[in-house]
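For the numbers below, each heavy atom of this structure counts, side chains included, while hydrogens, waters and symmetry mates do not.
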Amino acid sequence: MNESLRQQLDQAMADFDKQRKSLVEARNEIASISVTVRSKDRVVELTLGSDGKIGSLRFLGNKHQSMTGNQLAASVMETMNRAHQELFSRVFARFGELTDAGVGISADGPDAVDRMEGMGLEELLEPLKAPGGPFSPEWGERRG
């Protein structure tokens with residue numbers, strides 16, 4: 001393999017490793033996101049984790065005791081919907097930072113990031129370096 005091609009490959013490997021680290025860092029940051037939202041009527045406070053599950057649900061003060069079941073349910077649902085919207089917004093903002101930085105992301109959800117764990121450009125290029133592949137030593141000797 002000529003020196004120019006080797007330098008290009010080394011640069012590609014360095015770029016890939018940088019992007020992989022950015023994605024793993026983003027995954028860890030997203031996993032730690034939680035949002036806490038209060039209802040507009042200030043009766044309910046709800047905390048959601050990054051997985052969208054309720055971490056806590058509190059009734060603030062005693063106003064809920066004078067509400068009908070339907071009113072309280074509406075307050076809880078409004079708060080839950082706002083919390084999900086806030087969570088969604090924060091997660092996608094973080095992914096937006098990655099795309100602005102040039103890190104490629106697919107729309108396959110969180111598994112797209114998880115599949116990168118432990119992967120390096122070396123593993124991805126392995127078939128190309130195998131005997132007969134374009135990056136194998138004998139291929140370069142034949143072309144050289």
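Within the structure, ring pair (Phe, Tyr, Trp, His ring centres under 6.0 Å) pairs that include any residue of residues 20-55 do not occur (at least two apart or interchain). Residue pairs satisfying the salt bridge (charged side-chain N to carboxylate O under 4.0 Å, His left out) criterion with at least one member in residues 68-82, sequence neighbours excluded, are listed as follows: Glu78-Arg82. Residues in residues 29-58 take part in no ring pair (Phe, Tyr, Trp, His ring centres under 6.0 Å) pair, two or more places apart or across chains. Residue pairs meeting the salt bridge (charged side-chain N to carboxylate O under 4.0 Å, His left out) criterion with at least one partner in residues 33-42, sequence neighbours excluded, are Arg38-Glu45.
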Review item, side-chain donor-acceptor pairs of residues 59-69, under 3.5 Å, at least two apart:
| from | atom 1 | to | atom 2 | distance (Å) |
| --- | --- | --- | --- | --- |
| Ser66 | OG | Lys63 | O | 2.9 |
| Thr68 | OG1 | Gln71 | N | 3.1 |
| Thr68 | OG1 | Gln71 | OE1 | 3.4 |

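Between atom CG of residue Leu9 and atom OG of residue Ser4 there is a gap of 11.0 Å, rounded to the nearest 0.5 Å. Ile30 CD1 to Phe92 CZ: the interatomic distance, rounded to the nearest 0.5 Å, is 9.0 Å. Rounding to the nearest 0.5 Å places CG of Leu72 at 9.0 Å from OG of Ser39. For the atom pair Leu48 CG and Thr79 OG1, the distance stands at 10.0 Å (nearest 0.5 Å).
Taking Asp10 as the reference, Arg6 meet the salt bridge (charged side-chain N to carboxylate O under 4.0 Å, His left out) condition, with sequence neighbours excluded.
Taking each heavy atom of Ala83 and Leu46 in turn, the nearest pair found is CB-CD2, 3.7 Å. Pairing each heavy atom of Leu87 with each of Gly49, the nearest pair is CD2-O, 3.3 Å. The two residues Val35 and Glu86 have their closest heavy-atom pair at CG1-CG, 3.6 Å. Contact detail for Ser50 and Ala31: the closest heavy-atom pair is OG-O, 2.9 Å.
A salt bridge does not link Asp15 with Lys18: none of the charged nitrogens is closer than 4.0 Å to a carboxylate oxygen.
Using modelled atom types, no side-chain atom of Ser89 and backbone atom of Gln85 make a donor-acceptor pair closer than 3.5 Å.
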